[in-house]
Amino acid sequence: IFACKSEALSDKIQDTNIVLQHTEKIDAVIDKFIEEELYPFVYVRLENVDGTAIYEHSAVNKRLIPDLKIDKDTWIRIWSMSKIVTIATTLDLVEEGLLKLDDPVTKYIPEFKDLKVAVTEDGRNLSDLEGDDRVLGCAYTLVPMDTEMTVLHLLNHQAGFYYALTGFECLDSLAGSKNLPLSQNSKEFIDRMATLPLIQQPGSNDFYGTNTTILGFVAERASGKTLKQLVKERVTKPMQIKGLQYGLADLEQLPPSISGADTVLRVAKDGELDIFGPSFPIYEPSHTLYLGGEGMVATADGYADFVRMLVAHGELNGHRFLDKTTVEDIYAPHSQLDSPYGYNGYNLWVAGDSIRIHRTGEKGIWIGGGYEGTHFWADPKRKFVGVIMSQMWGTQVEGYERDNEIRAAIYEQLWAQD
């Protein structure tokens with residue numbers, strides 16, 4: 001039921017510090033997820049920091065998608081893997097002096113000056129509620145913000161914005177009713193968002209959501225350019241990255257959205273991917289809304305190039321994009337500092353000891369991912385990057401450990417060589 005293609009790329013391996021001598025063991029781990037019908041396809045690509053390809057493997061469920069070809073140049077919806085691109089672009093504007101991290105968000109988005117915060121009757125943030133207390137969430141009252149929301153709050157997911165997946169039905173249905181991704185432009189998105197309450201007082205907690213989307217709009221207004229223009233002019237063009245953009249060019253196509261919610265893989269139904277509620281981002285090149293938290297498309301090769309820039313501390317193909325100190329700030333500890341599994345930089349997870357204890361990776365690697373099963377990591381010690389591409393919603397429990405199992409197969413070989 002599946003087709004696979006694997007290359008050890010032996011003619012290039014000698015140019016890198018990484019040598020994978022038993023690639024068939026990695027292939028087998030990847031193929032398992034297709035053989036067991038847990039994913040429609042999985043493509044894995046590893047690159048050295050200089051761009052040398054170390055390994056790639058593609059496996060496709062031909063029963064489900066008989067004509068699909070997946071390789072390093074296939075366009076994929078990357079969802080939240082857009083976030084680190086938006087963050088890096090914004091930090092480039094900070095370096096240039098076009099905005100500051102302690103700037104109030106209302107300096108750029110005055111439409112948010114009257115935002116309200118949803119709190120319980122005794123004044124607690126909804127984001128603080130756990131367990132049985134969460135039933136109190138929909139008996140909320142609205143209060144003014146008691147803290148000025150800053151650009152830094154957006155970077156750290158501390159501003160109070162959220163997806164339609166909070167677990168509070170009242171907030172989720174309200175957010176879904178706004179059809180945010182169907183806004184024609186950022187102004188319309190902002191106006192719709194301004195009618196929604198925040199889930200917490202800014203800076204009081206970290207709560208994952210559309211904070212980076214708003215950050216992208218801040219970058220647009222601070223620079224006077226669209227996020228699409230900013231990424232092209234500051235990121236992809238000067239660093240010669242092909243395969244990372246907003247919107248699809250003519251003749252470019254995306255793989256279908258696949259759902260496993262019924263325990264059998266099938267094409268996803270309209271509205272089933274519910275991160276925004278019923279609506280889905282639009283990828284047509286004529287659409288002028290650029291979602292900094294969710295809206296980019298990329299190829300595995302193109303996204304690996306961007307991550308290589310981070311590993312090289314801000315430089316790629318002879319062009320310096322970010323100062324070294326700025327990149328160091330991206331992976332410095334910023335939030336979730338009490339986690340036993342690592343900490344969060346600027347939307348970049350830095351793994352702690354447990355990942356090595358469980359033998360699924362190396363302490364200190366940087367990790368990120370997206371809503372439909374995309375994943376990346378960077379190893380700053382060995383100076384290589386990995387990208388895993390798929391398009392999948394509603395993964396079965398047996399498929400949850402896909403990324404850990406693939407990384408484990410890779411690192412077992414690397415540790416054996418140490």
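The first residue in the sequence is number 1, and the count goes up from there. All values below come from the heavy atoms of this structure, side chains included, with hydrogens, waters and symmetry mates left out.
For the residue pair Tyr108 / Asp103, a side-chain donor-acceptor distance below 3.5 Å is found, with atom types taken as modelled. Using a 3.5 Å distance cut-off with no hydrogens or angles, the side chains of Asp128 and Gln200 do not pair a donor with an acceptor. One side chain, Asp50 or Thr52, offers a donor N or O that lies under 3.5 Å from an acceptor on the other. Inspection of the Thr299 and Asp301 side chains reveals no N or O donor paired with an N or O acceptor under 3.5 Å.
Proximity of Val49 to Phe384: side-chain heavy atoms (C-beta onward) are nowhere separated by under 4.5 Å. Side-chain contact between Phe161 and Leu115 is present, with heavy atoms from C-beta onward closer than 4.5 Å. Considering only heavy atoms from C-beta on, Asn211 stays 4.5 Å or farther from Gln158 through its side chain. Side-chain contact between Met193 and Ile190: absent, with no pair of heavy atoms (C-beta onward) separated by less than 4.5 Å. Taking 4.5 Å as the limit, some side-chain heavy atom of Phe321 sits within range of a side-chain heavy atom of Val235.
Aromatic pair Tyr162/Phe207: centroids not less than 6.0 angstrom apart. Note: Phe280 and Trp79 meet the aromatic proximity criterion, with ring centroids under 6.0 Å apart.
Between Lys324 and Glu315 there is no salt bridge, since no side-chain nitrogen of the basic residue lies less than 4.0 Å from a carboxylate oxygen of the acidic one. A salt bridge is absent between Lys113 and Glu111: the closest approach of a Lys/Arg side-chain nitrogen to an acidic carboxylate oxygen does not fall below 4.0 angstrom.
In this structure Ala261 satisfies the side chain to side chain contact (heavy atoms under 4.5 Å, CB included) test together with Ser259, Arg266, Glu272, Trp393, sequence neighbours excluded.
Between Trp415 and Tyr411, the ring planes lie tilted relative to each other; the angle falls in the 30° to 60° range.
Atoms CE and CD1, from Met389 and Ile78 in turn, are 6.5 Å apart once rounded to the nearest 0.5 Å.
In this structure, Tyr163 contributes its side chain and Ala175 its backbone to no donor-acceptor pair below 3.5 Å.
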